[in-house]
Amino acid sequence: MNRIGHIYPSQQAIFVDRGITRANLLLKEWNGEEVASFGLVGLPLSKTSISASGAAAAPLHIRKALASYTTYAIEEEIDLQKQRITDFGDVKMHVTDLVECHHRIESSLAKLYRLHPSVTPIILGGDHSISCPSIKAFAETKGRVGVIQFDAHHDLRNLEDGGPSNGTPFRGLLESGAIQGEDLIQIGLRNFSNGQPYHQYAKDQGIRLWTMRDIYQHSMPNIIEQSLNELEQKVDTIYISVDMDVLDQAFAPGCPAIGPGGLDSHSLLQAIYQLAQHSKVKGLDIVEIDPSLDIRDMTSRVAAHVILQFVLGQVKAGHS
Ligand code: CA
């Protein structure tokens with residue numbers, strides 16, 4: 001793995017002041033030995049995108065965006081300042097061989113999980129293609145995996161026409177047997193963002209589908225509660241995959257596939273907090289942010305906030 005060293009540690013002196021801790025100080029560069037409860041890994045891969053994407057730059061931007069926040073959660077009256085997230089750096093990608101990139105992601109993460117089985121991974125893409133090798137590594141080492149995917153899209157395109165891309169990760173997981181259709185829940189699907197054949201494929205596979213209209217009719221907290229109730233009976237562990245384009249374009253201008261009628265950021269942040277409190281939720285990825293398209297790092301800042309809500313939920317529930 002290729003370490004990101006230049007955001008440490010000079011900011012420490014600048015940002016620790018008068019009892020306020022900046023959230024970037026939760027990140028602790030891996031020293032090769034000690035590992036905290038949470039482990040952050042960057043997967044800077046976006047050549048696998050169907051349309052042009054600069055999402056490979058997102059891991060660095062999201063790390064930097066943590067400095068926008070303090071560690072104090074006023075609603076819970078919990079300060080995360082004593083928590084640590086071990087930053088394992090980025091997995092080095094091959095320049096031209098995209099299948100090799102996926103192999104490197106899967107083998108690096110599987111090795112990490114075997115060596116440090118108690119670490120809860122926070123994975124930063126990259127485009128959504130990374131979720132296929134990431135969840136494969138999870139399934140190899142942690143048993144039957146349930147996946148809760150926040151996304152405007154199914155990401156169930158076939159693998160024959162264009163190879164593994166950001167349109168195929170969940171097809172790849174199903175076809176490889178890494179996960180089962182009944183263990184996949186897709187939340188935030190939108191009109192005019194998907195094709196009928198893939199919707200039919202999703203139904204045939206038994207995937208649980210929640211559209212944006214469903215969210216407004218049933219409410220996000222109820223959907224999350226039902227999703228956890230369904231999965232906890234069947235799976236050993238639950239992985240959350242957040243495609244930032246689940247958000248309305250007003251909240252996530254830095255996504256390559258922006259659109260209207262999506263989720264608001266508060267609903268996403270509360271959903272992550274709710275999920276993170278469940279004892280079987282043990283992994284998170286955040287994908288599809290192209291910092292070159294973003295406005296004032298708005299989308300990377302949502303991602304950083306998602307990380308904090310995830311850590312907060314786990315701490316609140318006593319999982320770390
Ligand atoms: Ca996606």
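Everything quoted here is computed from the prediction, not taken from an experiment. In listed order, ligands and their atoms are each counted from 1. Note that these values count all heavy atoms, side chains included, but never hydrogens, waters or copies made by symmetry.
Salt-bridge formation is not detected for the pair D87/K28: no Lys NZ or Arg NE/NH1/NH2 atom is positioned less than 4.0 Å from an Asp or Glu carboxylate oxygen.
For a distance bound of 3.0 Å, the N, O or S atoms of D243 include one lying that close to the Ca ion (ligand 1). Among the backbone and side-chain atoms of E288, no N/O/S atom is found under 3.0 Å from the Ca ion (ligand 1).
Of the possible polar contacts, one joining the Q314 side chain to the V281 backbone as a donor-acceptor pair under 3.5 Å is found. Checked by atom type and distance alone, the side chain of Y69 pairs as donor or acceptor with a backbone atom of R301 at under 3.5 Å. Between the side chain of D155 and the main chain of F170, no donor-acceptor pair closer than 3.5 Å is present. Formation of a donor-acceptor pair under 3.5 Å by the D151 side chain with backbone atoms of H154 is not found in this model.
When you scan the N, O or S atoms of D155 for the one nearest the Ca ion (ligand 1), you land on OD2. Closest to the Ca ion (ligand 1) among the N, O or S atoms of H128 is ND1. Sorting the N, O or S atoms of D151 by how far they are from the Ca ion (ligand 1) puts OD2 first.
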